> 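Take this structure first; my questions come after.
Nothing here was measured: the structure is a model prediction, and the numbers come from that model.
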Amino acid sequence: MTLSQSGHRRAGILVPLFSIPSSRSWGIGEIGDIAPLARWLESAGQRFVQLLPINELPPHERSPYSALSAMAIDPQFITMDAVEDVEAIGGEHALESKQRRRLNAARSAPAVDYDTIRAIKHSVLRQAFVHFRDHEWRGGTRRASAFRTYMETQAWWLDDYALYRALKASHGERAWVDWPAPLRSREPDAIERATGELADDILYRKYLQWIAGDQWGEARDQAGSIALFGDLPFMVSGDSADVWARQDEFRMDASVGVPPDAFSETGQDWGLPVYRWDVFAERDFDWLRHRARRNADLYDGYRVDHLVGFYRTFYRPQDGGQPLFTPGNQADQVALGERVLEVLREPGAEIIAEDLGVVPDFVRASLSRLAVPGYKVFRWEREWHSPGKPFRDPMKYQPLSVATSGTHDTEPMVIWWECAPRDEREAVLEIPAMARRINGDERPRVLEQKSPSNHLREALLETLFESGSNLLILPIQDVFGWRERINQPATVGDGNWTWRLRWPVDRLATEPEAMAIATQLSEWSEKHRR
C-alpha cells in the first residue's frame, strides 16, 4: 500500500506504540494493541498510523532514537497473553504477589513505567523461553520447526544482533567498547568461544525476536485497511549491534550533529558515530539495504529521519578539530543523497522525508525530482522575509508534501497557540480558509482567549484536511486538543517518551469523546477527499 501516490489524498494519525496500552497489556502499548487502534482509525476515516521507532533500547533508555539495534523489535512491546509459552507457565496469574502488585501499579500509572514493565516482562519471558526450550525446541515440535525456519530466513541480521545482545548482557550491559579486546575487535577465536558459552542466551534473544516478529505480522493483518507507517532514524547508537558488527563503516573518533542555526548558536552534537560514506559506497550500501529491507518487512511506509544528513552529514572531530560536512562538495552531496534514497526505496515501502530545519535548496530540489514528499509543519510555514510574516495558505501546499500540525518533538497545538504572540494569532486568522471558518465577529474573542476553543481547534484541523498536501499526519494530541507532549528535545526528564492515552486503546470505540472525534475526522476525510 502506498501513501503518497500522485493525486491520492490520505490522512493518518501520529501516535507512539508505547502510548496505546489496552486493558489487556502490561502497562505499555504492545504489538497486539495495534488492532484496536486500527479499528478506531477506520471508524475515523483515517488511512494509516505513524509510529515512532520500535527498535530495542538499552535497559535504562527511553528514547526510541537510541536503540541497540537498527533491526530488532524491542521485547517490551510483546503482547504477553498472546505468547503460548507464557500461558503455558500460568500467564499473569502465575506472577508472584510482589510482581502482581508492581504490574497493577504500572498499569494504573499516568505514564509508562519502563523499569517495572521491562523487569517483569524479562522475568516472565525468560521463564517462557525455558518452557519452550525444554518442551518444544528439544522435542523438535512443529513450533520448534517454525522457529528454526525463522532463524534461517532472518540470519542476515539476527545472528549478529543475538550474539551482541548476549555478550552485552554477560558484561553487565556495558558498551561493547568496554569489552575485552578480543571480543571488542571480533577476533574469530573469541567469537567462536563466546558463541558456544552463550548459546542458551543467544537462542533466547532469537526466540524473543521470533515471538515479536510473529505478533507484528499478525498485527499488520489485523490492521485491515490501516497502513502501518514507521520511522527510520538517521543514525544508530555507537553502542549497537550494527556498529559492533561493522566497525570499519563508522567513525568513532567523531560525532554527528547539526551546525549552528537560528535555533542554536553552537549547533548540536548528538554523540553518535559518523558514517564512512566511502566504505558504504565500496560495499554498495549493503547495510542500508539491510535496513531498508527490514523496514519494508515491518511497515507499509516510513519517515526518513533527518533526511538532509543523508546528503551531507555534519560532524565534529572529538579531538576538537574543525567541524565539517561529509561529503564536502554539493555535487557529491546530491549524488550521495539520491543514491541513499534509491537504496531505501528498492524494497517497495513508501518513504517520506523529514526535511525540517536548515535544508539547502538543492536538497529540496532533489526531493522534488525524486518525488519524495517533505514536511509542511503548519506553524512554521510562513513567508519569513515578507512584511508581517504571513502564513502560507495550506490550500497552496504542493500535492507532493506532508501537511501536519506538529511532530513528536513539538509542543501540542494547544500550547503553541497559548504561547503565540498576538501578531502570530492574527496572521493565522488571515489565512483564507481560517477567515472562512472564524468570522469577523468572532475574531476579537478568539484573539484574546488564552487557550484555543474547540471551534478554533476544529478550524485549524479542517484547514489542514483541506490543504493541498496529498498526505496529512496529525499528532493524536492535536486531534483531541490535549496538552501533554511526547518529547521535549534537549532535555532529560521523566516526562519524555512516557505519555499514554487517557483510556485503554480498546475503549476508544466506546468513549464518548473518542467517538465524537472519530465522527468529526471521518466527516472531514470524506469532505476533503482523504
> Do the charged groups of Glu282 and Arg276 touch, with an N to O distance under 4.0 Å?
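Result for this pair is no, no salt bridge flagged.
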> Look at Asp189 together with Arg193 and state whether they make a salt bridge at an N to O cut-off of under 4.0 Å.
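So Asp189 does not pair with Arg193 through a salt bridge.
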> Evaluate the criterion side chain to side chain contact (heavy atoms under 4.5 Å, CB included) for residue pair Ser69 and Asp242; output intermediate values, then yes/no.
CA-CA 6 Å; Ser69 167; Asp242 311 88; 4.3 Å; yes
> Within a reach of under 6.0 Å around CE of Met252, are more than 12 heavy atoms found that belong to other residues, nucleotides or ligands?
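Result for CE/Met252: enclosed.
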> Going through the distances and angles, do Phe147 and Glu136 end up as a side chain to side chain contact (heavy atoms under 4.5 Å, CB included)?
CA-CA 10 Å; Phe147 179 35; Glu136 305 266 6; over 6 Å; no
> Before accepting this row, confirm whether a basic side-chain N of the pair Arg143/Asp214 lies closer than 4.0 Å to the acidic partner's carboxylate O.
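No, Arg143 and Asp214 are not salt-bridged.
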> Side chain to side chain contact (heavy atoms under 4.5 Å, CB included) for Glu84 and Phe132? Distances and angles first, verdict last.
CA-CA 9 Å; Glu84 288 186 40; Phe132 171 83; over 6 Å; no
> Which label fits Trp244 and Trp179: parallel for a plane angle under 30°, tilted from 30 to 60°, or perpendicular past 60°?
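Perpendicular, since the angle between the ring planes exceeds 60°.
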> Side chain to side chain contact (heavy atoms under 4.5 Å, CB included) for Leu52 and Trp497? Distances and angles first, verdict last.
CA-CA 10 Å; Leu52 299 187; Trp497 316 112; 3.8 Å; yes
> Is there a ring-ring contact (aromatic ring centres under 6.0 Å, His included) between Tyr164 and Trp176 once you walk through the steps?
CA-CA 8 Å; Tyr164 161 84; Trp176 66 263; 8.4 Å; no
> Between the side chains of Arg220 and Asp297, is the shortest nitrogen-to-carboxylate-oxygen separation below 4.0 Å, so that they form an ion pair?
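Salt bridge absent between Asp297 and Arg220.
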> Hey, would you say the Tyr275 and Phe285 ring centroids sit under 6.0 Å apart?
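Centroid distance Tyr275-Phe285: not below 6.0 Å, so no.
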> Under the side-chain contact (heavy atoms from CB on, under 4.5 Å) test, which residues partner Pro36, sequence neighbours left out?
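Arg39, Val505, Asp506.
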> May I ask you to decide whether Lys206 forms a salt bridge with Asp159, counting only side-chain N to carboxylate O separations under 4.0 Å?
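Salt bridge flag = yes for Asp159 with Lys206.
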> I'd like to know if Arg165 and Glu173 make a salt bridge, using a cut-off of under 4.0 Å between side-chain N and carboxylate O.
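Yes.
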> Around atom CG of Asp494, are there more than 12 heavy atoms from other residues, nucleotides or ligands closer than 6.0 Å?
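No.
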> Taking the six-membered ring for Trp and the full ring for Phe, Tyr or His, determine whether the centres of Trp270 and Tyr65 are under 6.0 Å apart.
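When the ring centroids of Trp270 and Tyr65 are compared, they turn out to be at least 6.0 Å apart.
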